[in-house]
Amino acid sequence: MIAEIDRCYLCGESYERANLVLDHEVPVVLDLLKALDVRNLRPACAPCHRTKSNSEQSLAKRNGSTSIGKSDVITEIAPGGVGTTYELVTALPMDNYLANRIFVGSPRR
């Protein structure tokens with residue numbers, strides 16, 4: 001979905017694929033049906049994506065309050081699985097994590 005060399009749809013600058021991410025042009029918080037619509041995905045450079053995503057946080061209303069993404073503190077990293085794998089443990093059961101800019105899943109407890 002991102003060409004080897006592509007343009008950020010927000011600033012118009014050209015970047016190599018490794019320096020672009022796919023962004024939901026119409027924020028998912030405004031139209032949940034667009035979340036899985038590939039026609040809603042556009043290449044964006046990291047600075048533009050961060051700025052746009054941060055501005056969209058104010059749109060995320062839950063029960064009249066603005067939702068705020070905040071990090072959970074990892075309370076334990078334990079060996080697990082086969083090979084070099086680890087299980088991340090937090091105080092609350094969570095499904096997904098961002099670790100060193102890599103999205104990883106974690107089993108619910």
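Of all the heavy atoms in C45 and C8, the pair that sits closest is N-SG, 3.4 Å. Shortest non-hydrogen contact noted between V21 and H49 is CG2-CG, 3.5 Å. The heavy-atom pair separating P43 from L22 by the smallest distance is N-CD2, 4.2 Å.
V26 and L32 sit in two unconnected hydrophobic clusters of ILVMFWY residues. Membership requires side-chain heavy atoms under 4.5 Å apart, directly or through other members. V38 and L20 fall within the same hydrophobic cluster, defined by Ile, Leu, Val, Met, Phe, Trp and Tyr side-chain heavy atoms under 4.5 Å apart, directly or through other members. Placement of M1 and Y15 within a single hydrophobic cluster is found when ILVMFWY residues are connected by side-chain heavy-atom separations under 4.5 Å, directly or transitively.
Residue pairs meeting the side-chain hydrogen bond (donor to acceptor under 3.5 Å, both in side chains) criterion with at least one member in residues 24-33, sequence neighbours excluded, are E25-R42.
In the displayed structure, L36 atom CG is contacted under 6.0 Å by at most 12 heavy atoms of other residues, nucleotides or ligands.
In this structure, S53 OG and D23 CG are separated by 5.5 Å, a value rounded to the nearest 0.5 Å. In this structure, CG on L41 lies 9.5 Å from OH on Y9, to the nearest 0.5 angstrom.
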Discussion item. For a side chain to side chain contact (heavy atoms under 4.5 Å, CB included) check, start with the C-alpha distance between D6 and R17, then their side-chain angles and the critical distance, and finish with the verdict.
Written reply: CA-CA 7 Å; D6 214 334; R17 179 185 299 153; over 6 Å; no
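Side chain of S55 to main chain of K52: a donor-acceptor pair is present (N/O by atom type, distance under 3.5 Å, no hydrogens or angles).
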